[in-house]
> 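Structure incoming, see below.
These numbers come from a predicted model, not from an experiment. All values below come from the heavy atoms of this structure, side chains included, with hydrogens, waters and symmetry mates left out.
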Amino acid sequence: MSPKELGKAFEPAEAEKRLYHYWLENKFFHAQDTSEAPPFSIVIPPPNVTGMLHMGHALNNTLQDIIIRFKRMQGYNTLWMPGMDHAGIATQNVVEQQLRKEGLSRHDLGREKFIARVWEWKEQYGGVIINQLKRLGCSCDWDRERFTMDEGLSQAVREVFVRLYNEDMIYQGDYIVNWCPRCHTAISDLEVEFKQDQSNLWNIRYPFADGAGDIVVATTRPETMLGDTAVAVHPDDPRYKDKIGKMVILPLVNKPIPIIADDYVTMEFGSGAVKITPGSDPNDFAMAQRHNLEIISVIDGQGLINEYGGKYKGQDRYEARDNVVADLEKEGYLVGTEPYAHNVGQCYRCKTDIEPMVSKQWFVKIKPLAAKAIAAVSKKKTRIVPATWEATYFEWMNNIRDWCISRQLWWGHRIPVWYCGDCGKVIVSTVDPDKCPICDGSSLRQDEDVLDTWFSSALWPFTTLGWPKRTEALKTFYPTSLLITGFDILFFWVARMMMMGLYVMKDVPFKDVYLHALVRDEKGEKMSKSKGNSIDPLLMIDQYGTDAFRFTLAAYTAQGRDVRMSPERIEGYKFFVNKIWNAAKLTLACLADYDENAPLDAPDSLPDKWIKAKLNETIADVIRSLDEYRFNDAAAAVYNFIWHEYCDWYLEVSKPALYGRIGPAEKHAAQRTQREVFGAMLQLLHPFMPFVTEELWQALKGSDEHSIMVSRFPAVREDWNEKDAEKEMEMIMDVITAIRNIRGEMRIPPSHKLTALVSAGDETSREAVERGRGFIVNLANLESLAVDVSLSEPKGVATGVVGGMRIFVPLAGLVDIAGEKTRLEKEIAKVSKDLEQSSRKLANRDFRAKAAPEVIAKEEAKLKEFQEKFTALEGALKKLKDIAG
RNA sequence: GGGCGGGUAGCUCAGCUGGAAGAGCGCCACGCUUACACCGUGGAUGUCACAGGUUCGAGCCCUGUCCCGCCUACCA
């Protein structure tokens, strides 16, 4: 029952480990499948199984944990669903690299053995990030942890594939796709990153077949000319109108190709004629389809020229480029070369230049899915926060193109399609067939490809809850309440979850999406390994503790803004942890002999009422801010309350009562308030700083109460709103500050106790100051305080003004009068500026006629205050001049 | 080319529906007052990018300009 004694400082490393274990053991993170309590659920953006915790993860998961802890404390049946993603390309790369060290390739092992090897790798090294999330304090329901390659999730993937296929939403075909010659797979449009490249624009002459001159085309990829099957011009181009339909001879290849007309061509660019290579360019491919052109691929999956490239066969595409250019020049076809900057697509995984290539792939018809996803957001079934992202979402969804979902990898969900070697039929099935359902033949061959990893992550919000089974968890928690993720995967993931959720579940996957910004370094640059400016979150945790680190992330997460991270900022919040720790030490010491049931009683003192009113405001502020995902505002509210209200004022002003210098009943009342306020304060802070608050909560409550994380989050209490007490206390604080100001400005050392006189102005104020006498004497460090309704200003004093009150501090023998004169003049200058501004405003007839009455009243009050202050200060200055002579 | 965000104290940023310019860090001065020097008390600092406009009143709303980021796009 009685509070524990605390050590000199909080020891994060030891406490974090111990407390996290305690939470796990007590199953506090565990969500109930069914419950009386309202549900609240978040699915984690599944990190890659190969992933290591970086700043982006740290931010993302800290924010999720803040909300989850907050909602859990508010009494919701809270689920934070954790798990990982199998990351097809990345994981396969890692294991292939491992094999390479042994001198092997995946083909040496064969598909089955390779996959077994990947699983082995996963068991041994995968999922390091899960433990790193635990160090962050994440309160995920680990009992439910899922992996996209799990049995259940894999089955779900098949179900969805088959459903889409049967409803004609999936098709297979030869189309041009983004091919990575290093990963040897197709990737989706989204997985291509464009980088600016300083290259050349080569102008090449294609002679007419009939010998009547030539036509010049410009290209950034001369090597692809080997696969040209046409030259295109704009149908309205007067220069070429009569050339349409004629043939030109393709240089080096010596083959006739036609001149066609298509309004895709920009007349203003180059010569207005463009070479068409349907096998190596998506636009040319589209044109080939419009015009029924022949499609020739001259580059293979390795990025090498193939047999259609004639003598260049076997050369790398860039080597071939040099050779083609050289040959064109030699044979007189090269008209010119000009430097040219253009964008080149690269594989987002390995940064190899993408090769647009025609191949047989699987696609999802996306338009019908996108239409529903668009509607859901415009009807606010799902809310995107901050709302500015909605425009981006709509823009992308409206221009979306079919999604290439097949990947030429081994690690992933293999496409559930089989081909019968006997009757040639295609079988699409959720279960592996052992014979052909059409001809009973047994020579079945499964499609070699696997699905895009994002296909399975798109299903994450319901597959993790057990779908296709209609589980209780699914019923309780779908649609999930909130998704928190970085804006950078709005398209990759959020949009696809929207489409799949609506398609499969007929309901949105989440009600709110909060998109946070990127974490950058202190100079605002994106963190990256190659730049060497990345900060390791685990290092920060080791150095400053998880609490300080998390608080820093929250405090800097303003909506729509990047988070600039630096160790110094984290250190600043480590100081905050220390401050809390020390405040707790004092608080607990004061509560050592507190007996809740003691018969002693006294009403709340003025500071008690004041701190409760302030706490009330803070509670309201924190709840409102968190409800709106304004993390920085919530963090600032708690910070300000703890440091500047509880520590700076409440503890200081209550010391005499707490030390028992006033009386036992007063001591008891102060203890009662302190215990209550301190507890609530820890609760408000807990979502941000889970560890230190738990440690202190248990020290405060002893064994009679459980973990803070399952305690009830504070709510605003009407009986704590004491406006009068708040005002009176603030007036006393102003008096104290005024005296301290004189002390500071006059450079009077604290060792010298001052005398102060207060001329209160009226009886009410006099009484209030009299009531606050003890606080003032203490905190302003006075030796005596005289208070009256009206005191005439003594000679040789420094003067302060608070509302209608004048405060005099005799300076005799302390400082020279000149110092006070300067101080007064400064004050007068300041107040006369305010005075002038205010009176000008009130003199304005339009202002009086048009402004709201309460605004006018407020302005009048201000004016009165300024006038009083001005008069008082002027008087003081005059007096000072009188004695100065 | 299209779209979005930003330009507020030396630095990093708050500032919700327009009614006295804020915080943290840094800086200056004074202090080891029995929770805390990872601290306390006090102080200084702003043509709120620029130019117009709306309004009694603009950091906030409108128009234009200039910078800086990011996203997106098939001009070879």
> Mind checking A:Glu745 for me? I need base, sugar-phosphate or nothing, with any heavy atom below 4.0 Å counting as a touch.
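Counting heavy atoms under 4.0 Å across all strands, the contact made by A:Glu745 is with sugar-phosphate only.
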
> Of the nucleotides B:C38, B:A44, B:G24, which has the atom closest to the A:His644 side chain?
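Nearest to the side-chain atoms of A:His644, counting from C-beta on, is B:G24.
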
> Please report, rounded to the nearest Å, how far the C1' atom of B:G6 is from the CG atom of A:Leu518.
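Rounded to the whole Å, the gap is 15 Å.
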
> The side chain of A:Phe847 is closest to which nucleotide in this list: B:C70, B:C75, B:C56?
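So the side chain of A:Phe847 is nearest to B:C56.
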
> For a quick check of understanding: with a heavy-atom distance under 4.0 Å over all strands, which category does A:Ala852 fall into, base, sugar-phosphate or nothing?
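Contact class for A:Ala852: base.
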
> Assign A:Phe10 to base, sugar-phosphate, or nothing according to its heavy-atom contacts below 4.0 angstrom with the strands shown.
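The answer is nothing, as A:Phe10 stays clear of every strand by at least 4.0 Å.
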
> Determine the contact category for A:His234: base if any of its heavy atoms lies under 4.0 Å from a base atom, sugar-phosphate if only primed atoms, P, OP1 or OP2 are that close, otherwise nothing.
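No contact at all - A:His234 keeps every heavy atom at 4.0 Å or more from the nucleic acid.
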
> What nucleic acid atoms does A:Tyr393 come within less than 4.0 Å of, heavy atoms only: base, sugar-phosphate, or nothing?
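Touches nothing.
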
> Under 3.5 Å for both donor-acceptor distances, Watson-Crick or wobble: does B:G26 have a partner, and if so which one?
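No nucleotide pairs with B:G26.
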
> Using the ring pair (Phe, Tyr, Trp, His ring centres under 6.0 Å) definition, which of the options A:Tyr639, A:Trp581, A:Phe688 pairs with A:Phe576?
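Single pass found, and it is A:Tyr639.
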
> Between A:Asn778 and A:Glu652, do the side chains contain a donor N or O and an acceptor N or O under 3.5 Å apart?
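Side chains of A:Glu652 and A:Asn778: no pair found under 3.5 Å.
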
> Rounded to whole angstrom units, what separation is found between the CG atom of A:Leu515 and the P atom of B:C4?
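Distance, rounded to whole Å: 17 Å.
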
> Any luck finding a side-chain donor-acceptor pair between A:Thr587 and A:Lys585 under 3.5 Å?
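Note: A:Thr587 and A:Lys585 side chains miss the donor-acceptor criterion.
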
> Using whole Å, what does the distance between atom P of nucleotide B:A76 and atom NE2 of A:His342 come to?
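After rounding, the reported distance stands at 8 Å.
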
> CE of A:Met746 versus C1' of B:G43: gap in Å, rounded?
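Whole-Å distance recorded here is 12 Å.
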
> What is the nucleic acid contact for A:Asp488, judged by heavy atoms within less than 4.0 Å: base, sugar-phosphate only, or nothing?
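Since no nucleic acid heavy atom lies under 4.0 Å of A:Asp488, the category is nothing.
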
> By nearest atom, which of the nucleotides B:U34, B:C38, B:C30 is closest to the A:Arg661 side chain?
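Comparing B:U34, B:C38, B:C30 against the side chain of A:Arg661, the answer is B:U34.
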
> As a test of reading the structure: which of B:A20, B:A35, B:A76 is closest to the side chain of A:Lys858, going by heavy atoms?
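Selected nucleotide (nearest to the side chain): B:A20.
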
> How about A:Asn781 and A:Arg740: does a side-chain donor come under 3.5 Å of a side-chain acceptor?
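No donor-acceptor contact under 3.5 Å links the two side chains.
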
> Of the candidate nucleotides B:G31, B:A76, B:A35, which contains the atom at the shortest distance from the side chain of A:Ala218?
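For A:Ala218, the side-chain atoms sit closest to B:A76.
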
> When all nucleic acid strands are considered with a 4.0 Å heavy-atom cut-off, which category describes A:Asp834: base, sugar-phosphate, or nothing?
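Nothing, no heavy atom under 4.0 Å.
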
> Specify the separation, in whole Å, of atom CZ of A:Phe194 and atom C1' of B:G1.
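My rounded result for the distance is 15 Å.
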
> Quiz question: by atom type and distance under 3.5 Å, do the side chains of A:Glu395 and A:Thr392 form a donor-acceptor pair?
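Short answer, no.
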
> I want to verify a distance call: between B:A35, B:A14, B:A76, whose nearest atom is closest to the A:Glu652 side chain?
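Output: B:A35.
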
> For B:A14, which nucleotide is its Watson-Crick or G-U wobble mate, given both distances must be under 3.5 Å?
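The base-pairing partner of B:A14, which may sit in any strand shown, does not exist here.
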
> Want to settle it: does A:Tyr556 or A:Gly572 sit nearer the 5' end of RNA chain B, counting the closest nucleotide to each?
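Of the two residues, A:Tyr556 wins.
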
> In whole Å, measure the gap between the P atoms of B:C25 and B:A20 for me.
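Taking atom P in both B:C25 and B:A20, they lie 27 Å apart.
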
> Using the P atom in both, what is the distance from B:C48 to B:A35, to the nearest Å?
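It works out to 45 Å between them.
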
> For B:G57 versus B:A21, give the span between their C1' atoms, rounded off to a whole number of Å.
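These two C1' atoms come out 15 Å apart once rounded.
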
> Of all the nucleotides listed (B:G40, B:C56, B:C4), which has the minimum atom distance to the side chain of A:Lys850?
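It is B:C56.
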
> Which listed nucleotide (B:A20, B:A76, B:A14) is nearest to the side chain of A:Asn632?
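Minimum distance to the A:Asn632 side chain belongs to B:A14.
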
> Is A:Glu836 salt-bridged to A:Lys841, cutoff N-O under 4.0 Å?
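The answer is no: the pair does not qualify as a salt bridge.
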
> If you measure from the C1' atom in B:C74 to the same atom in B:A58, how many Å do you get, rounded?
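Those two atoms are separated by 45 Å.
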
> What's the closest nucleotide to the A:Val274 side chain, out of B:A76, B:A73, B:C75?
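Closest of the options to the side chain of A:Val274: B:A76.
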
> So A:Val265, base contact, sugar-phosphate only, or nothing? Heavy-atom distance under 4.0 Å.
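Contact class for A:Val265: base.
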
> Output the rounded distance in Å from CZ (A:Phe576) to C1' (B:A35).
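After rounding, the gap between these two atoms is 15 Å.
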
> Base, sugar-phosphate, or nothing for A:Thr737, non-hydrogen atoms under 4.0 angstrom?
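Result for A:Thr737 = sugar-phosphate.
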
> Counting only Watson-Crick or G-U wobble pairs whose two distances fall under 3.5 Å, which nucleotide matches B:G64?
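The base-pairing partner of B:G64, which may sit in any strand shown, is B:C50.
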
> Does any donor-acceptor pair link the side chain of A:Lys579 with the base of B:C36 at a separation under 3.5 Å?
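Per atom types, the contact qualifies.
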
> Think A:Arg675 forms a cation-pi with A:Tyr594, using NZ or CZ under 6.0 Å from the six-ring centre and within 45 degrees of its axis?
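Checked: cation-pi criterion not met.
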
> May I have the distance from A:Arg221 (atom CZ) to B:A76 (atom C1'), rounded to whole angstrom?
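Those two atoms, CZ and C1', are 12 Å apart.
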
> Of the candidate nucleotides B:G19, B:C74, B:C13, which contains the atom at the shortest distance from the side chain of A:Ala851?
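Given the options B:G19, B:C74, B:C13, the side chain of A:Ala851 is closest to B:G19.
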
> If we call it a pair only when both distances are under 3.5 Å in a Watson-Crick or G-U wobble match, what pairs with B:A73?
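By the stated definition (distances under 3.5 Å), nothing pairs with B:A73.
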
> Quick one: look up who B:A20 pairs with, Watson-Crick or G-U, both distances under 3.5 Å, and put none if it's unpaired.
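No nucleotide pairs with B:A20.
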
> Once you apply the 3.5 Å cut-off to both distances, tell me the Watson-Crick or G-U wobble partner of B:C39, or none.
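Result: B:G31.
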
> Can you classify the ring geometry of A:Tyr573 versus A:Tyr556 as parallel (below 30°), tilted (30 to 60°) or perpendicular (above 60°)?
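Plane angle over 60°, so perpendicular.
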
> Using a 4.0 Å heavy-atom cut-off across all strands, classify A:Trp643 as base, sugar-phosphate, or nothing.
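If one applies the 4.0 Å heavy-atom cut-off, A:Trp643 turns out to touch the sugar-phosphate alone, with no base involved.
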
> For the pair made of OH in A:Tyr544 and P in B:C38, what is the distance, rounded to whole Å?
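A:Tyr544 atom OH is separated from B:C38 atom P by 14 Å.
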
